[in-house]
Student: 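Got a structure for you, written out below as structure tokens; questions coming shortly.
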Amino acid sequence: MDAYSMSVTSAARKTQSRIYQDLRTSRLNSGVKLSLDKLLARNLSIMDRVLKYESLDPNRKSHVGVVGAGLAGLRCADLLLGNGFRVTVLEARNRLGGRLHQERLPNGHLIDIGPNWIHGTKDNPIMDLTTETSTTVGRWDTKSYVFDEAGELLSMSDGTSYSTIVWDIIEHAFEYSNKYCSEIDPAKTLKDFFQEQVPARIPETEDDYEKKRHTVLQLSELWGAFVGSPIEKQSLKFFWLEECIDGGMCAFAYRGNVSLTSHTRCGAENLFCAGTYHKILERIAQPVIDGADIKYQTRVSEIHGKSIGASDIVRVKTTHGQILEFDEVVLTTPLGWLKKNQQAFSPPLPERLSQAINNIGYGCLEKVYISFTTAFWLNPGADGRTVQGFCQWLAPSYAPDSNPERWTNEIVELGSLDPSVAHPTLLFYIYGDESQYVTSTVRSLSGKGERDKFLLSFFKPYYSRLPSYKEGHPDCQPAGCFSTDWLHDELAGNGSYCNFQAGLQEGDKDILAMRTGIPTEGIWLAGEHTAPFVALGTVTGAYWSGEDVARRIAQAYGRGKAEKVLDVI
């Protein structure tokens, strides 16, 4: 997830909200359904082995392998080190951070090519790290800037009116999904829900009702940029898994409020990480750099559980043929990687876990940064208007050659951020077929010049409609650009983050199955796809997931704080 946030859960609904129920339990026991007897039996079996090894070698530390040095892996490794484990991190890249990564634009400004947002200011460890590292954050006002399909900027009142209807329907969809989940046809989509709701909110008695309905339905397509897939693929049955928690901490993170901006309806904020995540990443990584053995450019090809062989050891084979042995292994690879590499596990994954991995969707959100010498859109145009924050272009009919499918586009502009980090750059969020087309075309071109020429030509119909744009004026000429390509990144799982698509039958139980992992084989899973429901697909969710797995392992070895065991399914 990666653009905006809102919170719609009222205090009266908290006791009925599925995400609240999960949050209350998952932070106690990591969401694992284990009876006390089973947990004790598991702990005793591990402790028997630990005591045996300690009697043979009193200086021996239990050894945990952490596969992946993204945020989940780094946080997990940190806590394991703090609990006295020996930790080896296996990272396929030549750097730390995984999808939490930065690059520099041609103008020298540092940008995040993964997550851009800090989801909530209340009870959020990432927000605490933001403060600790003096990372600059950004926010925008609640104005709505929307270009219609003819390329005309809607009036502020019209834009706000249409956006309000969209988010009212979103709120209702949360309530409906939460209340009637068991009764909703798995095939029903969020788009279906919009098509049912829009006529009731814009009756035929209104002037130009057909045009208004048409515009609201076009605006609803922007949800695709929030989950990385079109709304015709979004599950209504499990739409509640995208719902928010107060304080802005939500799985419906990277979202917007009634005017598609960064504030939430409850008054809490989701902040743009204006100074980028680099200092936060450095802070999280430092204990691991200091205390763990990090093996870079080490790609895992096989994972053999404890039942394979007679030594009660997890064995990991790398693509270079190296065999590494551990007492436990934490796999923090992205969901997309798990989908493509289930054959790597021996014994085969339990059927329920394999189903869960296959069932949960995986988005394809990409970003394109285009920089200029001046943020010309902040200067009033002929009509006195500017654009600050978010801006959308709905189903454009004016770019038939470059965009015959009329993909909706939207940006967040970075020129109005804190002066210490602001730069004249437009950040485009693209998803679905558009992201497939853009990334594939860029990959097919040779040389940066050709790639930049394509990107600037493709997005010019949109940025050229911003206020104060003048064709040929030096201030309006792009100074550089950068595009992401997670779709073609095998280590990222060829995508971005988990989502919940039509046809899903047991989405909540799928998440819980992945969250549980295979402890009996010494194989544990972490990552944004195993987070508490309220933080799925977020930086905080990845952080929490690594933290929770580390605590569970420490508890199993008698080193962690005892916590109450609850049945959460």
Side-chain angles (χ1 to χ4, degrees), residues 2-3 103-109 111 113 116 145-153 218 221-222 224-225 228 230 364-379 381 387 390-415 423-489 496:
D2 195 60
E103 294 283 355
R104 287 199 181 275
L105 291 172
N107 62 12
H109 285 282
I111 55 170
I113 67 169
N116 289 122
Y145 304 96
V146 181
F147 287 86
D148 66 16
E149 61 186 0
E152 297 296 323
L153 183 59
Q218 288 180 328
E221 295 177 6
L222 293 169
C364 52
L365 184 77
E366 301 287 353
K367 299 166 188 174
V368 177
Y369 290 84
I370 301 180
S371 289
F372 299 82
T373 57
T374 301
F376 61 85
W377 52 88
L378 298 179
N379 298 320
V387 165
F390 297 90
C391 184
Q392 295 84 32
W393 292 265
L394 304 182
S397 62
Y398 44 85
D401 295 331
S402 60
N403 186 4
E405 301 296 328
R406 299 178 64 181
W407 295 311
T408 293
N409 281 285
E410 67 179 324
I411 59 161
V412 59
E413 59 81 27
L414 309 183
H423 50 107
T425 300
L426 304 175
L427 166 53
F428 283 84
Y429 290 102
I430 60 175
Y431 67 93
D433 290 342
E434 183 178 22
S435 62
Q436 293 274 3
Y437 170 73
V438 170
T439 56
S440 296
T441 302
V442 168
R443 286 180 66 84
S444 71
L445 299 173
S446 60
K448 187 176 186 307
E450 283 192 29
R451 294 192 291 269
D452 287 358
K453 181 180 179 180
F454 163 74
L455 290 171
L456 298 178
S457 175
F458 184 86
F459 291 102
K460 183 177 180 180
Y462 318 113
Y463 67 71
S464 64
R465 281 171 166 73
L466 292 173
S468 296
Y469 178 85
K470 297 178 182 178
E471 184 69 30
H473 194 285
D475 290 345
C476 303
Q477 299 304 302
C481 57
F482 181 91
S483 62
T484 64
D485 191 4
W486 298 112
L487 271 169
H488 296 93
D489 187 330
S496 46

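Since this is a predicted model, take the numbers as computed values, not measurements. Position 1 is the first residue of the sequence; numbering continues from there.
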Student: Can you name the nearest heavy-atom pair linking Pro106 to Lys448, along with the distance?
Tutor: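 So the two residues come closest at CG-NZ, 4.3 Å.
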Student: Calculate, to the nearest 0.5 Å, the distance between atoms OH and CG belonging to Tyr431 and Leu487 respectively.
Tutor: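 If I round to the nearest 0.5 Å, the distance is 14.0 Å.
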Student: For Arg451 versus Leu445, what's the shortest heavy-atom pair and its separation?
Tutor: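 Looks like NH1-O, 3.5 Å.
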Student: Using 0.5 Å steps for rounding, measure from the CG atom of Asn107 to the NE2 atom of His423.
Tutor: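 NE2 of His423 is found 7.0 Å from CG of Asn107.
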Student: Using side-chain contact (heavy atoms from CB on, under 4.5 Å) as the criterion, point out the one residue from Val412, Ile411, Leu426 that pairs with Cys391.
Tutor: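 With Cys391 as partner, side-chain contact (heavy atoms from CB on, under 4.5 Å) holds for just one option, Ile411.
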Student: Are side-chain heavy atoms of Trp486 and Thr439 found at a separation under 4.5 Å?
Tutor: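 Not in contact.
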Student: If you measure only the distance, is there a donor-acceptor pair under 3.5 Å linking the side chains of Gln218 and Asp148?
Tutor: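 Not at all, the side chains of Gln218 and Asp148 share no donor-acceptor pair under 3.5 Å.
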Student: Considering only heavy atoms from C-beta outward, does the side chain of Arg406 approach that of Glu149 to under 4.5 Å?
Tutor: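 A side-chain contact exists here, since the closest heavy-atom pair is under 4.5 Å.
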Student: Going by atom type alone, with no hydrogens or angles, which donor-acceptor pairs under 3.5 Å involve a side-chain atom of residues 465-472 and a protein atom two or more places apart or on another chain?
Tutor:
{"from": "Arg465", "atom 1": "NH1", "to": "Pro461", "atom 2": "O", "distance (Å)": "2.8"}
{"from": "Ser468", "atom 1": "OG", "to": "Asn379", "atom 2": "O", "distance (Å)": "2.7"}
{"from": "Ser468", "atom 1": "OG", "to": "Pro380", "atom 2": "O", "distance (Å)": "3.0"}
{"from": "Tyr469", "atom 1": "OH", "to": "Glu471", "atom 2": "OE1", "distance (Å)": "3.0"}
{"from": "Glu471", "atom 1": "OE1", "to": "Lys460", "atom 2": "NZ", "distance (Å)": "3.3"}
{"from": "Glu471", "atom 1": "OE2", "to": "Lys460", "atom 2": "NZ", "distance (Å)": "2.9"}

Student: Compare all side-chain heavy atoms of Thr441 with those of Leu455 and state whether any distance is below 4.5 angstrom.
Tutor: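 Sidechains of Leu455 and Thr441: no contact.
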Student: Just verifying a value: how many Å separate Leu414 CG and Ile370 CD1, rounded to the nearest 0.5 Å?
Tutor: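 Between Leu414 CG and Ile370 CD1, I get 11.5 Å after rounding to 0.5 Å.
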Student: Tell me every residue that passes side chain to side chain donor-acceptor pair (under 3.5 Å) with Thr408, counting only those two or more places apart in sequence or in another chain.
Tutor: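 Partners of Thr408 by the side chain to side chain donor-acceptor pair (under 3.5 Å) criterion, ordered by chain and then number, come out as Glu221.
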Student: Would you call His109 and Thr425 a side-chain contact if the rule is heavy atoms closer than 4.5 Å?
Tutor: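 Not touching, per the 4.5 Å side-chain cut-off.
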Student: Quick check: closest heavy atoms across Glu366 and Asp485, and the distance to 0.1 Å?
Tutor: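 Answer, listing the atom of Glu366 first, then Asp485: OE1-N, 3.3 Å.
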Student: What's the spacing between Glu103 CD and Ile111 CD1 if we round to 0.5 Å?
Tutor: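 With rounding to 0.5 Å, CD (Glu103) is 7.0 Å from CD1 (Ile111).
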Student: Which pair of heavy atoms, one from Cys481 and one from Asp452, lies closest together, and at what distance?
Tutor: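 Looks like SG-OD1, 3.2 Å.
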Student: On a heavy-atom basis, which atom in Trp393 and which in Phe147 lie closest, and how many Å separate them?
Tutor: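 Of all heavy-atom pairs spanning Trp393 and Phe147, the closest is NE1-CD1, 3.3 Å.
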Student: Pick from Tyr145, Trp377, Tyr463: which one makes a side-chain hydrogen bond (donor to acceptor under 3.5 Å, both in side chains) with Glu413?
Tutor: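 Filter result, single survivor: Trp377.
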Student: Going from CG on Asp489 to OG on Ser496, what distance comes out if it is rounded to the nearest 0.5 angstrom?
Tutor: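 Answer rounded to 0.5 Å: 11.5 Å.
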Student: Are any side-chain N or O atoms of Ser435 and backbone N or O atoms of Gly432, one a donor and one an acceptor, separated by less than 3.5 Å?
Tutor: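 Flag set: sc Ser435 to bb Gly432 pair under 3.5 Å.
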Student: Any heavy-atom pair between the side chains of Val368 and Ile430 that's under 4.5 Å?
Tutor: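 They are in contact (side-chain heavy atoms under 4.5 Å apart), so the answer is yes.
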Student: Which class fits the ring pair Phe458 and Phe454: parallel under 30°, tilted 30 to 60°, perpendicular over 60°?
Tutor: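 Answer is tilted, since the angle falls between 30° and 60°.
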Student: State which residues pass side-chain contact (heavy atoms from CB on, under 4.5 Å) with Gln477; sequence neighbours excluded, sorted by chain then number.
Tutor: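 side-chain contact (heavy atoms from CB on, under 4.5 Å) list for Gln477, sorted by chain: empty.
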Student: How far apart are the closest heavy atoms of Ala375 and Gly415, and which atoms are they?
Tutor: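 Result for this residue pair: CB-CA, 4.2 Å.
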Student: Enter the distance from Glu152:CD to Tyr398:OH here, rounded to the nearest 0.5 Å.
Tutor: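 Those atoms lie 9.5 Å apart.
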